[in-house]
Amino acid sequence: MKVIYLDNNATSQVAPEALEAMMPFLSNRYGNPSSMHYFGGSAARDVALARESLADLLGVTPTEIIFTSGGTESDSTAILSALATAPDRKEIVTTRVEHPAVLNLCKHLARFKGYTVKWLSVDKEGMLDIEEVKEAISERTALVSIMWANNETGVIFPIEQIAEIAAEKGALMHTDGVQIVGKVPLDLKKTAINFLALSGHKLHSAKGIGALYLKKGTRFQPFMIGGHQEYDRRAGTENVPGIVGLGKAAQLAAQNIEQERSRVKALRDRLQNGILSSVKFAKVNGSIDNRLPNTLNIGFEFVEGESILLKLDELGICASSGSACTSGSLEPSHVLRAMGVPFTMVHGSIRFSLSRYNTEEEIDYVVSQMPLIIGSLRAMSPFGQDRLNSACVVQ
Amino acid sequence: MWEYTEKVKDHFFNPRNVGSLEDADAIGEVGSLACGDALKLFLKIDPETKRILDARFQTFGCGSAVASSSALTEMIKGKTVDEALAITNQDIADYLGGLPKQKMHCSVMGKDALEAAIACYKGEPAPKDHLDGELVCECFGVTDKHIREIALQNRLTTIEEVTNFTKAGGGCGLCHDKIERILDEIRDELKQKQTTVSSAPREMTNIQKIARIQEVIEKEIRPTLQKDGGDMELIDLEGAKVKIAFRGICLSCPSAPLTKAGIEAKLKELVHPDLVVEEVSA
């Protein structure tokens, strides 16, 4: 069965070009870049080129890039470094809608390490109140850690502006950029952001590789301690295939970022409008205008998300849900709950996240199937039969 | 991804007996939109033989909720109401070739709806109505009576199991203490029933105590934690104070304080009633 992959915020297809670039380093070019001999040492040049490509994508200089094992390591490195280098400040400002890589680390720091964490709320659009952000950041703040774009809703926060506020108070600024990098053009050099975490497999390279942007001049303490790799900032033999693949993926993203952004956005809007016009009692979660171009989070009343996913899966369509039933816990999406989305809508929420590899044909197929799927589940549902049966109701 | 059996998938993708009965003799309703699942069961019952002639359902919920509802209707058709009442939630799960443990509450929902429908038929108030008894879990509206009954029937001993079967405690987690107390009561009652050996705590040396604590941790506690990606370690024993450190996912788990309480209860029960557990970040 052909797979229609609309779960790119979870992970994405490795670009064929990135795979091709990696292959020599997974086979005959297995040398260690730290070696003296040419066989190994020549890989250092490939690592350097990859670093340049990634730096170009972010608008920074190559020495500001540290390769890591992924988004989580980058987040942990940044957060723990920021706290270690500001021992007199004991407060962290973050949000209620962070990815677990940041959310659970902040909870841990509050519970065991005596930090005070200020959890910022979001409104029903999933947006922050900038006045609240200003109030929360003070001379006691060691670190502001706020994601750039939300993984569930795609909502984008004004990180450049928040970084300015943090800098004014002498606090360091970290942002989890895992979802935004490669989807929206960035020019980090012009911002006051100190740290940005990114993950390779979210932008069409392999799993197990990521990077941390570390602004020049930012106080830093390494997370992994050992050898002298990554200019003494991250010990451990380089993941050469991963780094080369990430470099290639970054280059591909940078080349076409504007065209892809508008093409993917057009597909996403086609999906969104197609579903909204054919399925009643459906509503987009999160700000319509302030969103990643690839993400659509949509809630369906009177049905449950896992049931929708199972029906989609039967057709080879991959998506995900904020429903409690899809996770081990009974607690539905913390992001949608923080936005005040009613429980009834959270349970029936589905996230579609697109990539450059999706086609109009795929989107049209999904649009054609959604009314059937939702219709069959609603026909089974004890709720809203009366409302649903009055066919003239259009939201 | 849940590991659903072929039977669960079959009953989800091809549900039997979906819909309502215009002239139903009994209707049972459980759950709500806010809870994430709900089931409305319709029965047509022969007034002479008390046999269930037809059964239909409407379900809002996940794959296993739909499958459990569908299975239930198939199981009860042709049975008398009293035969039907003998069906347990485990029977529903077994009919489907088993359910993932976190999904057992779907089978309980089926049983609850059946009991509600038959009570309605008999003109009795719904017996296992979740509003009967004292409200324990406010997130999912579950009472102490319900938890007690399901826990006894299914031999549940941990909060996690209670959550899997009743959803109680699966939301904010504030009721975990209350659930623990209900489980303690059940444990005490069961113990009293088998009052053969009176259990004055044996006096032990420190070395014996540590060895026994370590044994309980290895056999009773760590396997459960490890199933969820967590772990713990015994750091030290100071008098009656057992110092432990969490490892793995327990470190970032908001329910860790409850896990700690659970460990303490286990050690009190199996080693010495005076023991208290203290978490250290070693």
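Just so it is clear, the structure is predicted and the values come from calculations on it, not from any experiment. Here is how names work: the chains are called A, B, and so on, in the same order as the sequence lines, proteins then strands, and each is numbered from 1.
- For the atom pair CG of B:D37 and CD of A:E306, the computed distance is 10.5 Å after rounding to the nearest 0.5 Å.
- In this structure, the portion of B:E279 lying under 4.5 Å from any heavy atom of chain A is its side chain and not its backbone.
- Atom CD of B:E138 is surrounded by 12 or fewer heavy atoms from other residues, nucleotides or ligands within 6.0 Å.
- Remark: A:K311 qualifies as a cation-pi partner of B:F12 under the 6.0 Å distance and 45° angle criteria applied to the six-membered ring.
- The heavy-atom pair separating A:P382 from B:A38 by the smallest distance is CG-O, 4.3 Å.
- Remark: B:K241 NZ is loosely packed, at most 12 non-hydrogen atoms of other residues, nucleotides or ligands lying under 6.0 Å away.
- A distance of 10.5 Å separates CZ of B:F60 from CZ of A:R378, quoted to the nearest 0.5 Å.
- Distance check, rounded to the nearest 0.5 Å: OG of B:S64 to CG of A:L310 gives 9.0 Å.
- With a threshold of 4.5 angstrom between heavy atoms, B:P15 approaches chain A through side-chain atoms but not through N, CA, C or O.
- With a 6.0 Å radius and a threshold of 12 heavy atoms from other residues, nucleotides or ligands, A:K207 has its NZ atom above the threshold.
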